[in-house]
Amino acid sequence: MAKKRRSCEGIRASAVVLLALVIIQSLSLLGACSPETSSFRNGPRSFNNKGEFKISPRVKLYMNRDRPEVVMSNGLVQVTVSRPGGGVTGIKYKGIDNLLDYKNKVERRGYWDVIWNEPRDPTGSYDVLKATKFRVVKLDEDQVELSFTRKWNFSHRGSLVPLNVDMRYIMRRGVSGFYFYAIMEREEGWPDVYMDQIRAVFKLREDKFRYMALSDHKQKLMALNEDRVRGQTLDYREAVLLTNPTDQRLKGEVDDKYQYSSENKDNRVHGWISHNPRVGFWMITPSDEFRTCGPIKQELTSHAGPTVLSMFSSTHYAGREIDTYYAKGQPWKKVLGPAFVYLNSVSSHENPRALWEDAKQQMLREVESWPYDFPRSKDFPKSHQRGRVSGQLQVHDRYVNEKPMSEKSAYVGLAAPGDAGSWQAETRGYQFWTKTDEEGHFAIENVREGDYNLYAWVPGFVGDYKYGFNITVRAGSKINLGTVVFEPPRNGPTLWEIGVPDRSAAEFFVPDPYTKYKNPVFTGPSDKFRQYGLWERYADFYPKDDLLYTIGVSNYTRDWFFAHVNRKVGNNTFQPTTRQIIFQLEDVSNKGNYTLQLALSAATFSNLRVRLNFNSRQRNMRPLFSTGTIGRDNAIARHGIHGLYRFYSINVPSYLLNRGNNTIYLTQSRNNGPFQGVMYDYIRFEGPPNSNEGS
């Protein structure tokens, strides 16, 4: 009798399994959940907004010999990829046949591209990466991973960037979107090459996606391409004044993609919202390890088009001072990504802002899941194949405190071996960054195997820290460095200072923009610098005479113009400008020299010259210090409050100083255009070592 009961139970269990499979198959064929319910889904089993339990359809792959494409579907979203090219040509979701701009050529809807050139040909080439081979890496009911590859050989020289490329796409069961990444490789002996930009691009439908969201307060209705064509191009082609837009609410605004740039550390999620139907398209980047130049490197995000970018490497806000040169004797391989295209929806009765709020929550889930355990490439290590580096950072500035101090919110990172601060120009390897806690402790998790230097910089202190030894990380490593001490540059006590040492000019005076150029998104004090045309405002405040700053009287938040720019004096004519810092010394010590500590947050084809206590008859006198021509970051034109960080410790002989009045003159001497100039981070004047002056 018991045996018969067990047999019946087995039959019933088999029937349940069979019924479940039938349900899954039916859901797969139906394609998606009802468009009238919110779709915030991630996982094989989930609840809808009514609390109803649902089993997610299995993943499917469709190929038709007569069509050069492959289709991935999981019942929530359907993605079409060209075969063997590897470009995303269609994304079907919530009743919209294609979220991408179907009017664009198929190879310009969702694609990877590289801007490159060989040294022998300085003209940049633009390579939209098109694969020549396709294969299915994994296919089961829970996941599909596709690979699209292109191998380079010398017959391609001059026409294709010398790279082997493997573009991957992943669709998972129950996940509303898809993942993508690429493995890029150069073999030894290949031609020298510059690779100035590597990115993935998605072009969305203009008739659907009009509203862009980058953060809680950076959200707005955006211009159409035709609005830009009808508009007035300003000082460079990316900046357009909207004179007759389709939506008159945008009239008088400036549209410029660089206004929407973001630092790597803050660039986790951005995208677009369609109001009919209410659908969101989001780019989620859960890690910075594959990005370049550290946590505060600025990159493009989304912009009018509508365009969604995933930037992996570029010279934006840096120029070729970052290392984009790949020599023939240096083999190279790097995994870029994975990043995640996330799709969500709400009903027509719900607030579309809920799409942004949900995208933020999804971003947090993706960050928590990093490193992913599902990519199939052997070049992407899982968590157990990585290591950990920890320790405690202290700062010892003997003129601030006799003993080392623990500093919270210091940036600590691992990057390729190099000089202190070299991480901000490093593009080839991986970087891993974190911030210290209240007691200066740090833990850098999930570090790939390799050789690194430990770097750090501390807001409130000038200079860069580098740990004295290379660090080799292996799978499973748990390296504790103990206490490491950063001694920031310091020669003597502070006599006076201007600004805050934080690698940014944000604390200085940023003027209101011209009304005719105003962008309503950037009206707050924290990002007013993103407004167009602020460089021209200097001449409004200082039409003839330049900026004078008196120590003890002036206030840098209102009296120190954020950018040291040229003065426009006529049609395409610009005049160098000189700032004066006026200060008093009750006495001049003969115990040693003084020091001017000068930190710059940006520079563009500039030459900053420093003079002390000279008059107009001494104008041709050799300056105390000159930077020479520096900088290519173009941060002034591109609305960045910083570019690359530069620090100078300038020796000031005591015999050049006066008891009583003294003046330091800062001249930016190059005047070929409106965008040449520097931004200051911080200036400090120090007394001689061991003197009792100052603090």
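Everything numeric here is computed off the predicted structure, so don't read it as measured data.
Closest heavy-atom contact between H639 and D256: NE2-OD2, 2.6 Å. Across V521 and K218, no two heavy atoms sit closer than the pair CG1-CA, 3.7 Å. Taking all atoms of both residues into account, the shortest heavy-atom contact from L644 to D633 is N-OD2, 3.6 Å. Closest heavy-atom contact between R428 and E426: N-OE2, 2.9 Å. Shown here for G643 and A602, the closest heavy-atom pair between the two residues is N-CB, 3.6 Å. Between T292 and N264, the closest heavy-atom pair is O-ND2, 3.3 Å.
Between Q676 atom CD and T604 atom OG1 the span is 8.5 Å, to the nearest 0.5 Å. Expressed to the nearest 0.5 Å, how far CG of L624 lies from CG of L656 amounts to 6.5 Å. Atom-to-atom distance recorded for T667:OG1 and Q580:CD is 9.0 Å, nearest 0.5 angstrom. A distance of 8.0 Å separates OG1 in T663 from CG in L612, rounded to the nearest 0.5 Å. T315 contributes atom OG1, which lies 13.0 Å from atom CE of M195 (distance to the nearest 0.5 angstrom). Between the CD1 atom of I650 and the CG atom of N491 there is a distance of 11.5 Å, given to the nearest 0.5 Å.
With no hydrogens or angles considered, a side-chain donor-acceptor pair links T483 and Q392 at under 3.5 Å. Side-chain contact, D502 with S504: no donor N or O sits under 3.5 Å from an acceptor N or O. A donor-acceptor pair shorter than 3.5 Å cannot be found between the side chains of W332 and Q330. A side-chain donor-acceptor contact under 3.5 Å links E686 and Q597. One side chain, S314 or E299, offers a donor N or O that lies under 3.5 Å from an acceptor on the other. A donor-acceptor contact closer than 3.5 angstrom is absent between the side chains of Q298 and R638. Side-chain contact annotation: T324 with D196, donor-acceptor N/O pair under 3.5 Å present.
Under the 3.5 Å distance criterion, the side-chain polar atoms of T427 are matched with a main-chain donor or acceptor of D323. A donor-acceptor contact shorter than 3.5 Å links the side chain of E507 to the backbone of V500. Remark: the backbone N or O of R398 is not paired with any side-chain donor or acceptor of E402 at under 3.5 angstrom. Listed for the K360 side chain is no donor-acceptor partner under 3.5 Å among the backbone atoms of D216. The backbone N or O of F442 sits nowhere less than 3.5 Å from a side-chain atom of T434 that would complete a donor-acceptor pair. Y455 contributes a side-chain N or O that, together with a main-chain N or O of A416, makes up a donor-acceptor pair within less than 3.5 Å. In this structure, the side chain of Y430 does not engage the main chain of K334 through any donor-acceptor pair within 3.5 Å.
A 6.0 Å sphere centred on NZ of K382 holds more than 12 heavy atoms belonging to other residues, nucleotides or ligands. The number of heavy atoms from other shown groups lying within 6.0 Å of CZ (R632) does not exceed 12.
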- Message: Would Y342 and M363 count as a side-chain contact (heavy atoms from CB on, under 4.5 Å) here? Give the steps.
- Response: CA-CA 9 Å; Y342 177 57; M363 176 270 290; over 6 Å; no
- side-chain hydrogen bond (donor to acceptor under 3.5 Å, both in side chains) evaluation trace for T629 with N607: CA-CA 5 Å; T629 301; N607 186 356; 5.1 Å; no
- Message: V484 vs V412, test: side-chain contact (heavy atoms from CB on, under 4.5 Å). Steps then yes/no.
- Response: CA-CA 11 Å; V484 298; V412 184; over 6 Å; no
- With ring pair (Phe, Tyr, Trp, His ring centres under 6.0 Å) as the test, would you mind laying out the steps for W112 and F312 before giving the verdict? CA-CA 10 Å; W112 289 78; F312 296 98; 5.0 Å; yes
- Task: Under the ring pair (Phe, Tyr, Trp, His ring centres under 6.0 Å) rule, what do F625 and Y648 come out as? Steps first, then yes or no, please.
- Result: CA-CA 10 Å; F625 173 81; Y648 305 95; 5.3 Å; yes
- Item | Intermediate values then yes/no, side-chain hydrogen bond (donor to acceptor under 3.5 Å, both in side chains), N519 and Q259 | CA-CA 9 Å; N519 186 320; Q259 291 180 312; 3.1 Å; yes
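The pair E368-R365 does not count as a salt bridge, with every side-chain nitrogen at least 4.0 angstrom from each carboxylate oxygen. Taking the charged nitrogens against the carboxylate oxygens, E445 and R388 do have a contact shorter than 4.0 Å, which makes a salt bridge. Using a cut-off of 4.0 Å between Lys/Arg side-chain N and Asp/Glu carboxylate O, D419 and K466 are scored as not salt-bridged.
By the 30° and 60° cut-offs, the orientation of the rings of Y411 relative to W457 is parallel. Between F340 and Y179, the ring planes lie parallel to each other; the angle is under 30°, not in the 30° to 60° tilted range. Note: F685 and F583 have tilted aromatic rings, judged against thresholds of 30 and 60 degrees for the angle between ring planes.
F509 has its ring centre no less than 6.0 Å from the ring centre of F562. Aromatic ring centroids of Y181 and F290 lie 6.0 Å or more apart.
Side-chain contact check for L481 versus I471: some heavy-atom pair is nearer than 4.5 Å. The shortest distance between side-chain heavy atoms of F647 and D681 does not fall below 4.5 Å. For the pair D464 and W423, the minimum side-chain heavy-atom distance is below 4.5 Å. Contact of the F374 side chain with the P338 side chain is not registered, since no non-hydrogen atoms from C-beta on lie closer than 4.5 Å. Using a 4.5 Å cut-off on side-chain heavy atoms (C-beta onward), Y260 and L309 make no contact. R474 is listed as a side-chain neighbour of E449, based on a closest heavy-atom distance under 4.5 Å. Taking the side chain as every heavy atom from C-beta outward, F561 and P511 approach each other to under 4.5 Å. Put simply, the side chain of L666 does not reach to within 4.5 Å of the side chain of Y549, judged on heavy atoms.
In this structure, R386 forms a cation-pi arrangement with F380, its terminal cationic atom sitting closer than 6.0 Å to the ring centre and no more than 45° off the ring axis. Cation-pi contact between R530 and F522: absent, since separation from the ring centre below 6.0 Å together with deviation from the ring axis within 45° is not met. A cation-pi contact, defined as under 6.0 Å to the ring centre and within 45° of the axis, is absent between R448 and F432. Cation-pi geometry between K297 and Y317 is not satisfied (NZ or CZ under 6.0 Å from the ring centre, within 45° of the ring normal).
Remark: of the listed residues L300, I284, T285, T301, T301 is the sole one forming a side chain to side chain contact (heavy atoms under 4.5 Å, CB included) with H270.
The ring pair (Phe, Tyr, Trp, His ring centres under 6.0 Å) test applied to Y645 returns no partner, not counting sequence neighbours.
Among residue pairs with one or both ends in residues 369-379, those qualifying as side-chain hydrogen bond (donor to acceptor under 3.5 Å, both in side chains) are S287-W370, E289-W370, K333-D379, E366-Y372; sequence neighbours excluded.
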